[in-house]
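Keep in mind it's a predicted model, so treat the numbers as computed, not measured. The residues of the chain are indexed from 1 along the displayed sequence.
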Amino acid sequence: EEISQNEDQLIQFLELYKLRYTPDDEEYESVNLDIIEIYRQLGEFENAKALLEQTTRRTHFISKIEEKVDRKDSLVFLVSG
């Protein structure tokens, strides 16, 4: 299966994030949300869901990501409010 240039770039970001950040890093939670969002946009909903289940913090943004993952919706969206 051929992947688009956008998907290829998302995969490269994902690999960089996973190599760079560990749970000991101050930025880890924020980066983890980025990783979840990348998985969602790539259609890797099971990976996104697994990381969401490990996320203890709940915000409006995280709730919206959960909804999109549950619906298997990979489209980019805007969170407001």
Side-chain angles (χ1 to χ4, degrees):
E1 178 180 317
E2 190 174 323
I3 61 172
S4 72
Q5 183 177 2
N6 185 46
E7 289 172 320
D8 184 50
Q9 289 175 339
L10 285 174
I11 291 167
Q12 289 179 42
F13 273 129
L14 185 63
E15 294 307 314
L16 288 172
Y17 277 152
K18 287 163 67 176
L19 288 172
R20 165 60 181 92
Y21 293 96
T22 67
D24 296 330
D25 291 312
E26 190 174 304
E27 306 91 357
Y28 181 74
E29 188 173 87
S30 174
V31 170
N32 211 35
L33 291 176
D34 290 339
I35 291 171
I36 291 167
E37 180 60 6
I38 291 170
Y39 276 140
R40 187 188 69 78
Q41 288 183 28
L42 289 170
E44 296 185 21
F45 301 108
E46 292 306 314
N47 288 332
K49 190 169 191 72
L51 283 179
L52 276 167
E53 289 172 357
Q54 298 172 20
T55 305
T56 56
R57 202 174 102 205
R58 285 295 174 260
T59 64
H60 181 63
F61 175 65
I62 295 171
S63 295
K64 288 295 180 188
I65 291 176
E66 283 180 313
E67 286 175 22
K68 297 286 186 176
V69 168
D70 288 342
R71 285 189 274 160
K72 298 190 182 326
D73 182 348
S74 62
L75 297 177
V76 175
F77 65 99
L78 176 66
V79 177
S80 60

Test log, rule side-chain contact (heavy atoms from CB on, under 4.5 Å), inputs E37 and F77: CA-CA 11 Å; E37 180 60 6; F77 65 99; 4.1 Å; yes
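- Distance check: L10 CG to N6 CG gives 5.0 Å after rounding to the nearest 0.5 Å.
- Remark: E44 pairs with no residue by the salt bridge (Lys or Arg N to Asp or Glu O under 4.0 Å) rule, at least two apart or across chains.
- Using a 4.0 Å cut-off between charged side-chain N and carboxylate O, E67 and K64 make a salt bridge.
- The structure places CG of N32 at 5.5 Å from OG1 of T55, a figure rounded to the nearest 0.5 Å.
- For the atom pair CG (D73) and CZ (R40), the distance works out to 6.0 Å, reported to the nearest 0.5 Å.
- The minimum heavy-atom distance linking I36 with A48 is given by the pair O-CB, 3.8 Å.
- Atom CG of L14 is separated from atom CG of L19 by 9.5 Å, given to the nearest 0.5 angstrom.
- Residues that satisfy the side chain to side chain donor-acceptor pair (under 3.5 Å) test with E66, not counting sequence neighbours, are R58.
- Minimum interatomic distance between F45 and K68 (heavy atoms only, all atoms of both residues): CE2-O, 4.4 Å.
- The two residues G43 and S74 make their nearest non-hydrogen contact at N-CB, 4.4 Å.
- E7 CD to I38 CD1: the interatomic distance, rounded to the nearest 0.5 Å, is 12.5 Å.
- In this structure, CD1 in I35 is found 7.5 Å from NZ in K18, a value given to the nearest 0.5 Å.
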